[in-house]
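Heads up, the thing below is written out as structure tokens.
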Amino acid sequence: MRTFLLVNGPNLNLLGQREPEIYGSATLADIVAGLKETALSRGVTLLDIQSNHEGVLVDFVQQHGAGASGAIINAGAFTHTSIALRDAILARSLRFVEVHLSNIHAREAFRHHSWLSDIACGVIVGLGADGYRHALDWLIQHTAEETRS
Ligand code: DQA
């Protein structure tokens, strides 16, 4: 069974309470439960992590990255700072879709640069929690296509 990773970075544990006008009202638990349900119905496994600690995310990618068919990554603020997370993803040749709930390009200048975008298969910003769903659909479809060919 194909396994996909769902990686959420700092402060995403506060979704639902945190600046709802920017990030929406869904909690991370709601989002993860919905994605796991979709994964189950599509015959794939979703292994998820949320951490406020950069090294924990690096360890997770090191541990699970090589065995995964792909990942959905919202690294939160680490998007704009973490070369360590980038290096771990590269070290494991992990294919991923970068997701941001908000449109980072319509916000403060320091959010416009991502250390992940240029190594991502694709980037989804500004679609709220739907971004995760689209990313999962794309990954399932894309890796299935590759398996078939
Ligand atoms: C975010 C955008 C980041 O700039 C911010 O630091 C976050 C959330 C988003 O999903 O829109 O924590 O990744």
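One is the number of the first residue; the rest follow in order along the sequence. For ligands, and for the atoms within them, numbers begin at 1 and follow the listed sequence.
Protein heavy atom closest to atom 5 (C) of ligand 1, with residue, atom name and distance, is Arg111 NH1, 3.3 Å. Summary of contacts: the protein heavy atom closest to atom 11 (O) of ligand 1 is Ser102 OG, 2.6 Å. Nearest protein heavy-atom contact of atom 9 (C) of ligand 1 is Leu101 N, 3.4 Å.
The side chain of Asn74, and not its backbone, has at least one atom closer than 4.0 Å to an atom of ligand 1 (non-hydrogen atoms only; side chain from C-beta on). With a 4.0 Å heavy-atom cut-off, ligand 1 is reached by no atom of Ile22. Contacts of Asn11 with ligand 1, taken as heavy-atom pairs under 4.0 Å, are absent altogether. Under 4.0 angstrom from ligand 1, there are no non-hydrogen atoms of Glu98.
Side-chain atoms of Glu98 and Ser114 include a donor-acceptor pair closer than 3.5 Å. No hydrogens or angles considered: nothing links the side chains of Arg133 and Thr38 as a donor-acceptor pair under 3.5 Å. Side chains of Asn11 and Tyr23: a donor-acceptor N/O pair is absent below 3.5 angstrom, by distance only. Under 3.5 Å, the side chains of Glu54 and Asn52 contain no donor-acceptor pair of N or O atoms.
Close contacts of ligand 1 with His80, meaning ligand atoms under 4.0 Å from a residue heavy atom, involve 3 (C), 4 (O).
Here's the thing with Ile104: none of its N/O atoms is less than 3.5 angstrom from an N/O atom of ligand 1. An N or O contact shorter than 3.5 Å links His100 to ligand 1 by distance.
Not a single heavy atom of Glu19 sits closer than 4.0 Å to an atom of ligand 1.
Other residues, nucleotides and ligands contribute more than 12 heavy atoms inside 6.0 Å of the CD atom of Glu19.
The aromatic rings of His112 and His105 sit tilted relative to each other, their planes meeting at an angle between 30° and 60°.
Side-chain atoms of Arg111 never come within 3.5 Å of backbone atoms of His80 as a donor-acceptor pair (strictly under, hydrogens ignored).
Across all their heavy atoms, Arg95 and Thr143 have their closest contact at NH1-CG2, 3.9 Å.
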